[in-house]
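Have a look at the structure below, then the notes.
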Protein chains: 2
Amino acid sequence: MISGQHFIAGRWQGRPLAHNQSFNPATNRALDWHFAEADLADLAQITELAHSAFQEYRRVSPSSRAAFLNCIADEIEALGSTLVEVVNLETALPQARVENERTRTCNQLRLFADNLLSQDMEIRDPALPDRKPLPRPALRLTQIPLGPVVVFGASNFPLAFSTAGGDTAAALAAGCPVIFKGHNAHPATCELIARAIDKAIRHCAMPEGVFTLVHARQHAFSESLIAQPKVKAVAFTGSVKLGMHFAGIIQQRPEPIPFYGELGSQNPVFALPDYLQDNLPAFADALIQSVTMGQGQFCTRPGLVFVVADTTYPGLCQALAERLANCSSGPMLTAKIAQGYRHQSAAWQQCAGVELLAQGQGEETGCHGRPRLFASDAEAFLQHPELREEIFGPASLLVRCKDVTQMQMLATTLAGQLTATLYASETEWKAQSVLLQELELKAGRIIAGQMPTGVEVCHSMQHGGPFPASSDSRYTAVGSQAIRRFLRPLCYQNLSDSLSE
Amino acid sequence: MISGQHFIAGRWQGRPLAHNQSFNPATNRALDWHFAEADLADLAQITELAHSAFQEYRRVSPSSRAAFLNCIADEIEALGSTLVEVVNLETALPQARVENERTRTCNQLRLFADNLLSQDMEIRDPALPDRKPLPRPALRLTQIPLGPVVVFGASNFPLAFSTAGGDTAAALAAGCPVIFKGHNAHPATCELIARAIDKAIRHCAMPEGVFTLVHARQHAFSESLIAQPKVKAVAFTGSVKLGMHFAGIIQQRPEPIPFYGELGSQNPVFALPDYLQDNLPAFADALIQSVTMGQGQFCTRPGLVFVVADTTYPGLCQALAERLANCSSGPMLTAKIAQGYRHQSAAWQQCAGVELLAQGQGEETGCHGRPRLFASDAEAFLQHPELREEIFGPASLLVRCKDVTQMQMLATTLAGQLTATLYASETEWKAQSVLLQELELKAGRIIAGQMPTGVEVCHSMQHGGPFPASSDSRYTAVGSQAIRRFLRPLCYQNLSDSLSE
């Protein structure tokens, strides 16, 4: 069922290697699927082909591009239960979650398709032939695709942010061919989705080379890929460290190109005293659910919770601890993620002034990770820079502040975030303009009274934020505006529409 | 009249130095105005102040910001003939040109003001409380300013792309304070404009630090300025070399920030055979006027003209030579620009296969430059990379091609351009989709049957293009869309409008 090959030039090619295996985190064992490894010698062919495809694909009409995106969605659905089973084997994500993510992935593709049919991004200034002292020519501003795009997907969204996920959908909608670097944590999933795209390419008679899947475990391949002159943009979801390493390589190119890194975020939650006093159980339910869902492997999981150490505080700690103690450890996406989570949990626990408030049940062998809730005071938080690093997994740090003023002060010390959340009573909302204004400078999305997990795919979503949440806060990774990542303006002056369309 | 001081924190400060003088290119002599030199020790104060101003200025209502921009325009006009005289002394640009540029500058400010009052950049997705399986929260996408912006102006537009030029107007409209690095070629002009802004700040009660003028001839100051953590974007107009040097410094920052470099362009013109045969005198008139106006010191001056070596070619050469021979040398903006122009002209002339077709009259002493027209065949153009470098001055290279196919081939070899122009008969337009499609990949603006000089300030203008025309082809330096350079999206989720406005 799984060939383990690359999909290049519309053909499945490459020889699977014995040691390049897929892995099942639930059993902590290798799966019996083997994958090819791309070679630096393949680079020129891959990017040349994407460039040739670009010349043709950028002139494909919006309606044909929309039909192509819809067809990809249909073909993904047609993979049926096989897809769900393979994703589950490779990621340990439960069936219901995989099915929901598949729905989201197909909806994303269809959202971009709908926009291609309905949205007009043109701006016009009509000719003013009689204007004095000089006439004005007719001017028309359009948006054209940048060229071939390299996409690196995310381990935590094997469908919605991987092979045919948000970046791929946005790039294909824009008119850019995609070179997708197969994700090492779910390569068989990548192959299945690429097979769906393969069918859609043939069904819609799209140019060969409009989509490439290439498997490569060696960083050297990825490093050379993003340095290729025919590559015109790179979208990456992953760690700050690897993302900024790739950004550095891109900066060495003779021609600068856009790099979109969706990197890391702690997603601070600020819960004000009056609100907490009146809503403690509901808040505790929501927080523990948000921290632990999907083993905490969401880029919007709340990793920092700021509260005031008032009379409500002990009750809050107790309510959170009780709820967390009922949660169980579960398999994380990869052994590396589980090790990183355990390592960072241990590092937090060793910080002076940080205590482990509660932890969930179960063992932490293999790929399993146990949920944890830490607590510290403001001083300890200020003292330990490691508490500001994203902890990727089911953990959160409760930071108790002397008062709201100290809470505001801590907000000013935060780095850039994908989200910032404020829970406040009606009275507190009206009084909290200082905190709100500070959070506006720190985040891409401000949320009132809801946990940050759950990212709506719509027109007005912003998934991105000041560095290091993302490398370019001007663009979103989620929602219809993501198409702007892969477009540039082109102005036609004094040119009749019929000639330039 | 000219104090020679910086404008920092709403105060005129700094001690003018004897050797930091303004210069008159028409007389090739120093002017009796002396200027202060900023110190690295001033940096923290300057950027801290801009950051403080940002906290206040970003919350100033759009209508108050619009009033501020309009007031700056009014105060610039109120400078009257003094401004025109000072610009003329520092740049040798004639009075009529300076007056036109002043009009354009004030119109730019007022265009951004009008847009602040009329444009709604928000996108909304209303709440769907009854949606299954999950309700949708209300989402609202706004645009917020990035923070303090450093602007480096252009020598060739001492008003429209300098102190209160396009970048400054766009940044102030966006809600970003501006730190303007005074231009060494027109520092007294910078001071006069800053005095107008000073008056507008006081009249409109804007925060001190919303605008800073700082004089610094040492690159070290500029290099440290753009590395300051409180600086959140940099806009630069100038050479590829200096622009990419600044880009490299910005890449070393821990936090990546946007860099907008408007760098260099040859603005190729393609004139097809049938068109030329029917329109030779008009084309020759337009080309020579476009190449020589303002001593060729426009970033959109046509520096390359591709034609077919058919029976019309000798007549074209003769028509162009006759017209150019009637043009005179004139003072260029600076001694350095004049030297660079003469140096590059000499280098072109020494290329094997390149001939000097014609030159204008007059001497080339001091800051003066003489117009020139060169010619080469396609082979010589392919052989000499120096012919692809922007020549900043009144010169152009006629490249004769064997046929239209060779012309198309040469188009594929071009680097990124601000503009690409096509002159063609109606029949040729219909047949020239290949050339047009190639030019779309190379330029930010495609022009039919008009010379590229003359950049309309409007909504649909794109002034920018693939590298090296600009460092970021996704943004424009001219027109109302330029405000996007200084904004980032912020999404409010589940937040009532009254709390976030």
Side-chain angles (χ1 to χ4, degrees), chain A residues 55 59 100 122-125 133-134 136-137 139-141 144 146-147 247-248 251 255-256 258 416 429-430 433 436-437 440-441 443-450 454 456 458-462 464 466-468 471-476 481 484 487-496 499-500, chain B residues 55 59 100 122-125 133-134 136-137 139-141 144 146-147 247-248 251 255-256 258 416 429-430 433 436-437 440-441 443-450 454 456 458-462 464 466-468 471-476 481 484 487-496 499-500:
Chain A
Q55 300 274 23
R59 296 197 298 276
N100 283 342
E122 281 191 2
I123 303 176
R124 285 167 189 268
D125 287 292
L134 289 170
R136 180 172 80 184
L139 293 146
R140 181 165 68 89
L141 191 68
I144 70 165
L146 291 174
Q251 285 162 2
E255 176 196 24
W429 264 112
K430 283 170 190 155
S433 61
L436 179 63
Q437 284 163 15
E440 288 171 342
L441 298 181
R445 180 162 54 116
I446 302 283
I447 306 162
Q450 296 181 332
E456 186 73 26
C458 58
H459 302 301
S460 59
M461 177 47 64
Q462 173 62 13
F467 183 80
S471 62
D472 192 336
S473 67
R474 297 167 297 172
Y475 293 87
T476 181
Q481 300 296 309
R484 292 188 175 272
L487 294 169
R488 71 173 172 90
L490 176 67
C491 173
Y492 292 101
Q493 176 176 326
N494 195 36
L495 195 61
S496 71
L499 292 171
S500 57
Chain B
Q55 301 272 26
R59 297 197 297 275
N100 284 341
E122 281 191 2
I123 303 176
R124 283 168 191 266
D125 288 291
L134 289 170
R136 180 171 81 186
L139 293 147
R140 181 165 68 89
L141 191 69
I144 70 164
L146 291 174
Q251 285 163 1
E255 177 196 26
W429 264 113
K430 285 170 189 156
S433 61
L436 179 63
Q437 285 164 12
E440 288 170 342
L441 298 181
R445 180 162 53 116
I446 302 284
I447 306 163
Q450 296 180 333
E456 187 73 27
C458 58
H459 303 299
S460 58
M461 177 48 63
Q462 172 63 10
F467 183 80
S471 62
D472 192 337
S473 67
R474 296 167 297 172
Y475 293 87
T476 180
Q481 299 297 309
R484 291 188 175 271
L487 294 170
R488 70 171 172 90
L490 177 66
C491 173
Y492 292 101
Q493 176 177 323
N494 195 34
L495 196 62
S496 73
L499 293 171
S500 57

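Each chain gets a letter, A, B and so on, in the order its sequence line appears, and its residues count up from 1. Keep in mind the model is a prediction, meaning the values are calculated, not measured.
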Inter-residue atom distance [X].[atom1] - [Y].[atom2], 0.5 Å rounding:
X	Y	atom1	atom2	answer
B/Cys458	A/Arg124	SG	CZ	13.0 Å
B/Ser433	A/Arg59	OG	CZ	7.5 Å
A/Leu141	B/Ser460	CG	OG	6.0 Å

- Task: Say whether A/Tyr492 and B/Gln462, considering side chains only, have a donor N or O and an acceptor N or O under 3.5 Å apart.
- Result: no

Top contributor to chain A interface from [options] [non-hydrogen pairs under 4.5 Å]:
options	value
B/Pro468, B/Pro258, B/Gly464, B/Ser471	B/Pro258
B/Gln450, B/Arg484, B/Gln55, B/Lys430	B/Gln450
B/Arg136, B/Gln437, B/Met461	B/Gln437

- Could you pull out all residues at least two apart from A/Asp472 that satisfy salt bridge (charged side-chain N to carboxylate O under 4.0 Å, His left out)?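 Salt bridge (charged side-chain N to carboxylate O under 4.0 Å, His left out) check on A/Asp472 returns A/Arg474, B/Arg474.
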
- Message: According to side chain to side chain contact (heavy atoms under 4.5 Å, CB included), who are the partners of B/Ile144, at least two apart in sequence or on a separate chain?
- Response: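 B/Thr142, B/Arg488, B/Leu490.
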
- Task: Return the minimal non-hydrogen interatomic distance between B/Ser473 and A/Pro489, and the atom names on each side.
- Result: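 Of all heavy-atom pairs spanning B/Ser473 and A/Pro489, the closest is O-CD, 3.4 Å.
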
- Proximity breakdown for B/Ala247 and chain A, heavy-atom pairs closer than 4.5 Å: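 It is neither, since no heavy atom gets under 4.5 Å.
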
- Task: Measure B/Leu441 against the heavy atoms of chain A and call it side chain, backbone, both or neither at under 4.5 Å.
- Result: both

- Any donor-acceptor pair under 3.5 Å from B/Asn494 side chain to A/Ile447 backbone: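 Side chain of B/Asn494 to backbone of A/Ile447, a donor-acceptor pair under 3.5 Å: no, none is there.
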
- Given A/Cys491, which of B/Glu456, B/Gln481, B/Arg445 fulfils the side-chain contact (heavy atoms from CB on, under 4.5 Å) condition?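 Of the listed options, the one satisfying the test is B/Arg445.
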
- Heavy-atom pair count under 4.5 Å with chain B, highest-scoring of A/Pro256, A/Pro133, A/Pro137: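 Highest number of pairs under 4.5 Å: A/Pro256.
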
